[in-house]
Amino acid sequence: MIMEGPPHPLPVPGSPFEAKDAYAAKSSPLRGSRMSGIITLAVLAILCVFCIRWVTKRLRLPTPAGNAIIVVFVLVVLAMWGRHLR
């Protein structure tokens, strides 16, 4: 069995498969979706909680609640996203 290399990631101009390649690039699961954005936001919020709690413990400061950090982080991210949409 002869194995060929991976297909060209971008459509080649003049190729008979140009339309098919362009459609495949648009419908790729790696392109991103709303769900992947929500998952990324959740992972970043959890990472933010861990980092802030670790820093406050190292500096011997009062440690804020994890839920409070998540709420503030999500509000800030959504506010920045709103400004980006303008």
Side-chain angles (χ1 to χ4, degrees):
M1 177 182 214
I2 298 173
M3 298 292 288
E4 294 183 15
H8 196 277
L10 299 174
V12 178
S15 166
F17 301 107
E18 181 177 7
K20 179 185 170 203
D21 292 342
Y23 175 75
K26 288 181 184 175
S27 64
S28 170
L30 299 177
R31 186 169 180 257
S33 65
R34 289 184 189 175
M35 192 63 185
S36 66
I38 293 171
I39 292 171
T40 303
L41 180 62
V43 169
L44 284 175
I46 293 170
L47 181 64
C48 184
V49 168
F50 173 77
C51 292
I52 289 176
R53 290 178 69 102
W54 181 80
V55 167
T56 56
K57 285 180 184 179
R58 294 282 288 175
L59 295 175
R60 296 187 179 147
L61 296 171
T63 305
N67 290 341
I69 297 171
I70 288 177
V71 167
V72 170
F73 179 77
V74 169
L75 287 175
V76 168
V77 167
L78 290 176
M80 292 174 65
W81 181 58
R83 284 190 60 105
H84 174 71
L85 290 179
R86 291 174 120 199

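The residues of the chain are indexed from 1 along the displayed sequence.
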**Asked** What's the verdict on side-chain contact (heavy atoms from CB on, under 4.5 Å) for Leu47 and Val43, showing C-alpha distance, side-chain angles and the deciding distance?
**Response** CA-CA 6 Å; Leu47 181 64; Val43 169; 5.5 Å; no
**Asked** Is Val74 linked to Leu44 within one hydrophobic cluster, defined over Ile, Leu, Val, Met, Phe, Trp and Tyr using a side-chain heavy-atom separation of less than 4.5 Å?
**Response** yes
**Asked** How close do Pro64 and Ile69 get, heavy atom to heavy atom, and via which atoms?
**Response**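 The pair with the smallest heavy-atom distance is CG-CD1, 3.7 Å.
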**Request:** Quick one: closest heavy-atom pair of Val49 and Gly66, and the distance?
**Result:** CG2-O, 3.6 Å
**Request:** Could you tell me the separation between the CD1 atom of Ile46 and the CG atom of Leu41, rounded to the nearest 0.5 Å?
**Result:**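 Between atom CD1 of Ile46 and atom CG of Leu41 there are 10.0 Å.
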**Prompt:** Rounded to the nearest 0.5 Å, how far does CG of Leu75 lie from CD1 of Ile70?
**Reply:**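 Reported value, rounded in 0.5 Å steps: 12.0 Å.
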